[in-house]
Colleague: 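Quick one: structure below, then a few questions.
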Amino acid sequence: MRSTTNLQQVERLIKSLNSFPKDGSSVIQTDSSVVNVSRLVEQKFKFPSLPSSPNVEYLGSFAGYYPLPNTNGARMFYFFFESRNKKSEDPVVIWLSGGPGSSCSVTLFYESGPFRITDEVSLVWNDYGWDKVSNILYIDQPIGTGFSYTTSESDLRDNHISVSNDLYNFLQEFFKAHMQFAQNDFFIVGQSYGGHTAPTLASLIHQRNQENVGIRINLRGFAIGNGFTNPKIQYPALLDYAKNESLIKNYEHRRMTPMAEDCVSYITACDTGGKDACRTAFHYCMEFFHEILHCAGDINYYDIRKNRVGSKCYDYSNLENFYSKESVKDALNVRGDIPFVSFSSDVYSALKGDLMKNLDVGIPALLEDGIRVLIYAGDQDLLCNWLEAGELRSHKGLSFLKVFQAGHMVAKDQPKVALRMIQSWMHGRLVSHLD
């Protein structure tokens with residue numbers, strides 16, 4: 001039996017996986033009702049004090065809410081940026097952040113979005129924004145993340161299927177509102193827990209397309225960056241990666257090997273058991289991860305080249321400060337009483353058990369039907385490493401790519417390489433040298 005002290009340590013570790021300076025509640029108290037209608041509430045916007053080049057008059061920047069059907073009061077927030085290149089020809093990309101519970105704004109402002117946020121809490125243009133090669137959607141998902149909110153705890157999702165259903169329903173409404181993009185190629189990119197959501201959403205879109213249900217989405221492929229997809233493989237890989245990178249010693253690896261094996265056994269029980277079995281697996285495997293970190297020291301487990309910032313791996317206080325500006329909320333048409341939840345502990349807690357599910361089982365069928373898959377991984381990430389990636393390996397539509405000198409967030413650490421990677425992969429020309 002695990003001790004209370006160990007469980008408390010695991011809970012502290014789980015909280016520290018939140019890279020942000022603070023979290024918040026996903027459920028708000030509001031007197032305004034959310035009408036259960038299937039339409040987007042969207043407007044074109046411009047951030048205040050944005051530099052004038054490139055000419056923003058030629059850029060389509062949209063933000064809005066989607067009232068989720070069959071909920072008590074859930075609204076999903078999103079950004080949409082039209083391509084800076086050839087928007088009528090460039091693909092549509094949907095970005096799915098991880099956590100679960102991390103806002104898409106981290107990726108928007110620190111990775112692949114049109115802008116970067118500075119220490120002065122102002123914006124500059126990102127020379128390697130993915131809107132240079134795509135029309136890109138950033139979604140605050142699952143509900144309760146970022147500016148997405150609900151008035152009822154019952155609307156919080158506890159499994160990847162419900163999350164993907166919400167995203168599919170959103171996409172149907174999005175393409176109704178933006179029919180000019182409905183024929184463009186469509187790609188999904190998921191990071192971290194997005195390794196659960198991306199393949200599930202791809203399977204759902206593909207199934208509905210085959211059934212001729214709704215607007216046909218021109219799905220061409222999906223990518224997973226430093227994703228968490230198959231815990232039965234990835235948890236034992238933590239131990240091997242830590243040894244390979246000299247984070248732990250050989251005798252520590254031997255000592256923790258039985259824990260890795262027990263972790264796999266708990267995950268196997270989750271495969272056939274219910275939510276309780278999956279939550280038990282989650283807590284035990286996180287305890288195993290805690291043991292690795294205890295030996296490895298004060299490292300940033302998203303980027304082993306760095307130390308943590310206090311108890312967190314990154315400091316994104318600039319983002320919090322930016323969204324605290326009334327002028328920014330006004331530009332996005334976000335009500336002043338709606339908090340920005342950079343990382344939702346409510347969302348994370350609801351989906352803890354789901355993390356232990358294996359989501360790679362549906363990928364072979366998608367590959368057989370011509371849906372391309374890219375698995376890429378920054379080589380400095382301990383938590384979501386993928387040792388099998390290699391430098392570049394491809395087989396029948398499936399590509400594995402390791403990105404050197406990059407942590408968990410490849411587009412943050414290697415922005416030029418990441419842009420070249422996503423552009424060449426979408427056009428079927430992925431190569432091993434992306435400098």
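This is a predicted model, so every value here is computed, not measured. Side chains are part of it too, since the values below use all heavy atoms of this structure and drop only hydrogens, waters and symmetry mates.
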Colleague: Would you confirm whether the ring centroid of Phe45 sits within less than 6.0 angstrom of the ring centroid of Phe47?
Modeller: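 Yes, close enough.
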Colleague: To the nearest 0.5 Å, what is the distance between CG (Asn300) and CD (Gln380)?
Modeller: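 Answer for the CG-CD pair, Asn300 versus Gln380, is 11.0 Å.
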Colleague: Under 6.0 Å between ring centres: does that hold for Phe115 and Tyr110?
Modeller: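 Ring-ring flag for Phe115/Tyr110: false, centres at least 6.0 Å apart.
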Colleague: For a quick test of reading the model, state the closest non-hydrogen atom pair linking Gly99 to Tyr348 and the distance between them.
Modeller: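 Result for this residue pair: O-CE1, 3.2 Å.
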Colleague: State, without any angle test, whether Thr118 and Ser122 hold a side-chain donor-acceptor pair at a distance under 3.5 Å.
Modeller: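 On atom types as modelled, these side chains qualify, holding a pair under 3.5 Å.
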Colleague: Which heavy atom of Val93 sits nearest a heavy atom of Ser134, and at what distance?
Modeller: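 Shortest heavy-atom contact: CG2-CB, 3.7 Å.
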Colleague: Is the distance between the ring centroids of Phe282 and Tyr266 under 6.0 Å?
Modeller: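 Centroid distance Phe282-Tyr266: not below 6.0 Å, so no.
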Colleague: If the threshold is 4.0 Å, N to carboxylate O, is there a salt bridge linking Lys132 and Asp90?
Modeller: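 So Lys132 does not pair with Asp90 through a salt bridge.
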Colleague: For the atom pair OH (Tyr302) and CG (Leu382), what is the distance rounded to the nearest 0.5 Å?
Modeller: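 If I round to the nearest 0.5 Å, the distance is 10.5 Å.
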Colleague: Can you tell me how far OG1 of Thr197 sits from CG of Leu359, rounded to the nearest 0.5 angstrom?
Modeller: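 Rounded to the nearest 0.5 Å, the CG-OG1 separation comes out at 8.0 Å.
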Colleague: Do Trp130 and Phe81 have ring centres separated by under 6.0 Å?
Modeller: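 No; Phe81 has its ring centre 6.0 Å or more from that of Trp130.
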Colleague: Counting only heavy atoms not in Gln210 (residues, nucleotides, ligands), do more than 12 fall under 6.0 Å from its CD?
Modeller: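 Yes, because the 6.0 Å sphere around CD of Gln210 holds more than 12 heavy atoms from other groups.
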Colleague: Exactly one of Phe170, Tyr66, Tyr65 should register a ring pair (Phe, Tyr, Trp, His ring centres under 6.0 Å) with Tyr78. Which one does?
Modeller: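 For Tyr78, the ring pair (Phe, Tyr, Trp, His ring centres under 6.0 Å) check succeeds only for Phe170.
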Colleague: Can we call the ring centroids of Phe80 and Tyr138 under 6.0 Å apart?
Modeller: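 Centroid separation for Phe80 and Tyr138: 6.0 Å or greater.
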Colleague: Can you name the residues that form a side chain to side chain contact (heavy atoms under 4.5 Å, CB included) with Pro48, not counting sequence neighbours?
Modeller: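 By the side chain to side chain contact (heavy atoms under 4.5 Å, CB included) rule, Pro48 matches Ser327, Val328, Ala331.
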Colleague: Any idea which heavy atoms bring Trp125 and Pro114 closest together, and the distance?
Modeller: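 Closest approach of Trp125 to Pro114, heavy atoms only: CE3-O, 3.4 Å.
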Colleague: Can you confirm whether Gln183 is buried at CD, in the sense that more than 12 heavy atoms of other residues, nucleotides or ligands lie under 6.0 Å from that atom?
Modeller: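 No, not enclosed.
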Colleague: Starting at CD1 of Ile292, measure out to NE2 of His290 and round the result to the nearest 0.5 Å.
Modeller: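 So the CD1 of Ile292 and the NE2 of His290 are separated by 11.5 Å.
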Colleague: Between Ile338 and Lys329, what is the shortest heavy-atom contact and its length?
Modeller: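 Looking at all heavy atoms of both residues, the shortest contact is O-NZ, 2.5 Å.
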Colleague: Compute whether any side-chain donor of one residue and acceptor of the other, for Asn85 and Ser83, lie under 3.5 angstrom apart.
Modeller: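 No, Ser83 and Asn85 have no side-chain donor paired with an acceptor closer than 3.5 Å.
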Colleague: Could Lys306 and Asp303 be called an ion pair, given the rule that one side-chain N must be under 4.0 Å from one carboxylate O?
Modeller: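 Looking at Asp303 together with Lys306, the answer is yes, because their closest N to O distance falls below 4.0 Å.
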Colleague: Is the count of non-hydrogen atoms from other residues, nucleotides or ligands lying under 6.0 Å from Gln405 atom CD greater than 12?
Modeller: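 Buried by this count: over 12 neighbours within 6.0 Å.
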Colleague: Under a plain distance cut-off of 3.5 Å, with no hydrogens placed, do Ser399 and Tyr376 share a side-chain donor-acceptor pair?
Modeller: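 No, no side-chain donor-acceptor contact under 3.5 Å.
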Colleague: Side chains of Ser342 and Glu320: do they bring a donor and an acceptor to under 3.5 Å?
Modeller: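 Looking only at side-chain atoms, Glu320 and Ser342 do form a donor-acceptor pair, the distance falling under 3.5 Å.
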Colleague: Can you confirm whether Asp240 is buried at CG, in the sense that more than 12 heavy atoms of other residues, nucleotides or ligands lie under 6.0 Å from that atom?
Modeller: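 Yes - once you tally the heavy atoms of other residues, nucleotides and ligands closer than 6.0 Å, there are more than 12.
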Colleague: Can you tell me if CD on Glu211 sees more than 12 non-hydrogen neighbours from other groups inside 6.0 Å?
Modeller: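 It does: Glu211 CD has more than 12 such atoms within range.
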Colleague: With no hydrogens and no angle check, is any side-chain donor or acceptor of Ser344 less than 3.5 Å from a backbone partner on Val347?
Modeller: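 A pair under 3.5 Å: yes.
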Colleague: Glu42 and His178: side-chain hydrogen bond (donor to acceptor under 3.5 Å, both in side chains), yes or no, with the steps?
Modeller: CA-CA 11 Å; Glu42 178 186 89; His178 298 271; 2.9 Å; yes
Colleague: Could you tell me if Asn318 and Asp119 have a donor-acceptor pair between their side chains, going purely by distance under 3.5 Å?
Modeller: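 Their side chains do contain a donor-acceptor pair, which is all the 3.5 Å distance test asks for.
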Colleague: State, to 0.1 Å, how close Ile224 and Gly195 come at their nearest heavy-atom pair, and which atoms those are.
Modeller: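 Closest pair (atom of Ile224, atom of Gly195, distance): CG2-CA, 3.7 Å.
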Colleague: Show your working on ring pair (Phe, Tyr, Trp, His ring centres under 6.0 Å) between Tyr193 and Phe228 and close with a plain yes or no.
Modeller: CA-CA 5 Å; Tyr193 180 75; Phe228 196 74; 8.5 Å; no
Colleague: Could you state the interatomic distance from CG (Leu171) to CD1 (Ile205), rounded to the nearest 0.5 Å?
Modeller: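 Reported to 0.5 Å precision, the distance equals 5.5 Å.
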Colleague: Between Asp131 and Arg84, does the salt bridge (charged side-chain N to carboxylate O under 4.0 Å, His left out) criterion hold? Intermediate values first, please.
Modeller: CA-CA 6 Å; Asp131 63 317; Arg84 284 189 246 175; 2.7 Å; yes
Colleague: State whether Arg220 and Asp185 are salt-bridged, where the test is any N-O pair (Lys NZ or Arg NE/NH1/NH2 against Asp/Glu carboxylate O) under 4.0 Å.
Modeller: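 A salt bridge is present here (some side-chain N lies under 4.0 Å from a carboxylate O).
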Colleague: Taking atom types as modelled, find out whether Asp140 and Ser103 have a side-chain donor-acceptor pair closer than 3.5 angstrom.
Modeller: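 Asp140 vs Ser103: donor-acceptor pair found between side chains.
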Colleague: Between Phe186 and Phe181, does the ring centroid distance fall short of 6.0 Å?
Modeller: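 No; Phe181 has its ring centre 6.0 Å or more from that of Phe186.
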Colleague: Enter the distance from Gln423:CD to Leu430:CG here, rounded to the nearest 0.5 Å.
Modeller: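 Here the rounded value is 11.5 Å.
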Colleague: Considering only distance and modelled atom types, tabulate donor-acceptor pairs under 3.5 Å from the side chains of residues 155-162, sequence neighbours left out.
Modeller:
| unit_1 | atom_1 | unit_2 | atom_2 | d |
| --- | --- | --- | --- | --- |
| Asp155 | OD1 | Asn72 | N | 3.0 |
| Asp155 | OD2 | Asn72 | N | 3.2 |
| Asp155 | OD2 | Gly73 | N | 3.0 |
| Asp155 | OD2 | Thr150 | OG1 | 2.6 |
| Arg157 | NE | Asp166 | OD2 | 2.7 |
| Arg157 | NH2 | Asp166 | OD1 | 3.0 |
| Arg157 | NH2 | Asp166 | OD2 | 3.3 |
| Asp158 | OD2 | Lys275 | NZ | 2.4 |
| Asn159 | OD1 | Ile161 | N | 3.1 |
| Asn159 | OD1 | Ser162 | N | 2.8 |
| Asn159 | OD1 | Ser162 | OG | 3.3 |
| Asn159 | ND2 | Ser162 | OG | 3.2 |
| His160 | ND1 | Asp354 | OD1 | 2.8 |
| His160 | ND1 | Asp354 | OD2 | 3.2 |

